[in-house]
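Structure first, then comments.
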Amino acid sequence: MSLRTRAAMAALSTAVLTLSVTACGGGSGTGSGSSLSPSVASSVSFAAGSTMARLSGAKKMTVGTKFDQPGFGLQGLDGKPAGFDVEMAKIIAGKLGIQPDGITFKETPSKVREEVIERGEVDLVIATYTINDKRKARVSFAGPYYVAGQQVMVKKEDSAITGPESLKTNASAKVCSVTGSTPAETIKTYLANPAQLVTFDVYSKCADALRTGQVQAMTTDNVILLGLISKSQGSFKLVGEKFTQEPYGVGIRKGDTSFCEFINTSLKEAADSGAYEKAWTSTAGGVEGAEKAQLPPAGTCS
Ligand code: GLU
């Protein structure tokens with residue numbers, strides 16, 4: 001057998017394997033996400049005056065999420081977002097007796113997350129939202145429900161940028177991230193000059209800028225980048241290791257401790273029932289290179 005035939009056969013068997021693994025996953029992943037149907041509690045009762053009582057009484061809630069992040073929150077042709085963050089919202093809604101249809105998803109770019117919570121425009125934000133002290137001064141967080149890590153992505157053929165450190169030595173290279181995100185802040189310490197950082201409001205614009213060569217790298221959480229790679233038809237790759245810890249929390253109104261505790265209990269129950277794992281494997285966890293997810297221990301509600 002010629003080398004070329006052997007390579008072609010190997011590629012074919014990989015393709016078949018990928019296909020069957022995808023099929024076993026059973027989820028529509030980046031589709032509408034409607035194949036996942038988290039259970040909805042039929043009889044619920046909550047302390048009068050609590051956020052839980054208000055939401056479950058209204059049978060609806062508003063969730064701020066991303067609309068352009070494959071695997072976490074990606075708007076489908078039906079207008080609705082699908083992904084792991086969306087599934088977390090459905091799990092919490094279900095525990096409140098709210099059907100998935102009762103959730104209104106509102107696109108919430110990184111920069112406006114605190115603001116929309118403070119203004120009461122959303123009941124919660126589930127949007128690849130890192131828990132940190134600066135944000136805790138304005139909002140409270142339930143969770144974490146996942147821990148990601150910042151990484152760098154470049155074009156497949158790039159061999160000059162091999163990780164965050166090489167941005168200093170390639171001082172003419174530009175790196176894109178998103179305004180109001182933790183990666184946009186962290187990457188500054190790796191740059192030779194501040195002009196190397198280009199920011200947009202959403203990650204899809206960074207991916208476009210990388211594709212068209214306006215920037216040479218893009219940085220944010222590994223799992224967001226993996227989602228973009230899965231949609232890039234082989235044009236992007238990760239370089240270097242993860243260099244931060246990004247624990248994803250559910251952002252809620254500051255000081256709503258009982259709602260925070262309710263969300264943590266809901267997440268724990270979802271982990272125990274397998275709903276959490278199912279949500280992961282059929283969304284962000286279904287892409288190549290994704291790690292297995294395990295619900296991290298809950299933080300303190302304050
Ligand atoms: N997890 C990081 C953050 O909350 C980056 C992802 C994002 O911007 O949503 O800032």
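Atom set for the values below is all heavy atoms of this structure, side chains included, hydrogens, waters and symmetry mates excluded. Counting starts at 1 for both ligands and their atoms, in listed order.
The atoms of ligand 1 that sit less than 4.0 Å from any heavy atom of Y248 are 1 (N). Near S181, meaning under 4.0 Å from one of its heavy atoms, ligand 1 places the atoms 8 (O), 10 (O). Which parts of ligand 1 touch T220 is read off a 4.0 Å heavy-atom cut-off, strictly below it: atoms 5 (C), 6 (C). Each of the following atoms of ligand 1 lies closer than 4.0 Å to a heavy atom of I224: 6 (C). The contact set between ligand 1 and Y203, taken as ligand atoms under 4.0 Å from a residue heavy atom, comprises 5 (C), 6 (C), 7 (C), 8 (O). The P183 neighbourhood of ligand 1 comprises atoms 2 (C), 5 (C), 10 (O), with distances under 4.0 Å to a heavy atom of that residue.
A donor-acceptor distance shorter than 3.5 angstrom exists from the side chain of D85 to the backbone of T128, with no hydrogens or angles considered. Between the side chain of R138 and the backbone N or O of E118 there is no donor-acceptor pair closer than 3.5 Å. Under a 3.5 Å cut-off, the side chain of E87 and the backbone N or O of T283 do not form any donor-acceptor pair. The main-chain N or O of V154 is never found under 3.5 Å from a side-chain atom of K237 such that the two would form a donor-acceptor pair.
Using a 4.5 Å cut-off on side-chain heavy atoms (C-beta onward), V178 and K111 make no contact. For the pair N264 and C260, the minimum side-chain heavy-atom distance is below 4.5 Å.
Aromatic ring orientation, Y145 versus F84: tilted (interplanar angle from 30° to 60°).
With a 4.0 Å cut-off on non-hydrogen atoms, D221 touches ligand 1 through its side chain and not its backbone. At a heavy-atom cutoff of 4.0 Å, ligand 1 is contacted by no atom of K111, backbone or side chain. Of all the heavy atoms of A127, the ones lying under 4.0 Å from any atom of ligand 1 belong exclusively to the backbone. Contacts of V178 with ligand 1, taken as heavy-atom pairs under 4.0 Å, are absent altogether. Within the 4.0 Å heavy-atom criterion, the part of S110 lying near ligand 1 is the side chain and not the backbone.
Considering backbone and side-chain atoms together, T128 places an N or O closer than 3.5 Å to an N or O of ligand 1. For the pair Y129 and ligand 1, the shortest N or O to N or O distance does not fall below 3.5 Å. The shortest N or O to N or O distance between K66 and ligand 1 is below 3.5 Å. By the 3.5 Å distance cut-off applied to N or O atoms, R135 is counted among the residues near ligand 1.
Not a single heavy atom of E185 sits closer than 4.0 Å to an atom of ligand 1. Under the 4.0 angstrom criterion for non-hydrogen atoms, R113 is in contact with ligand 1.
Note that OG1 of T220 and CG of L225 are 6.0 Å apart. Values are rounded to the nearest 0.5 Å.
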Check the pair Q150, T182 against side chain to side chain donor-acceptor pair (under 3.5 Å), reporting the backbone distance first and the verdict last.
CA-CA 9 Å; Q150 183 172 353; T182 49; 5.8 Å; no
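The one candidate from S181, C176, P70 that meets the side chain to side chain contact (heavy atoms under 4.5 Å, CB included) condition with Y203 is S181.
The six-membered or imidazole ring of Y248 lies away from that of F141, with a centre-to-centre distance of 6.0 Å or more.
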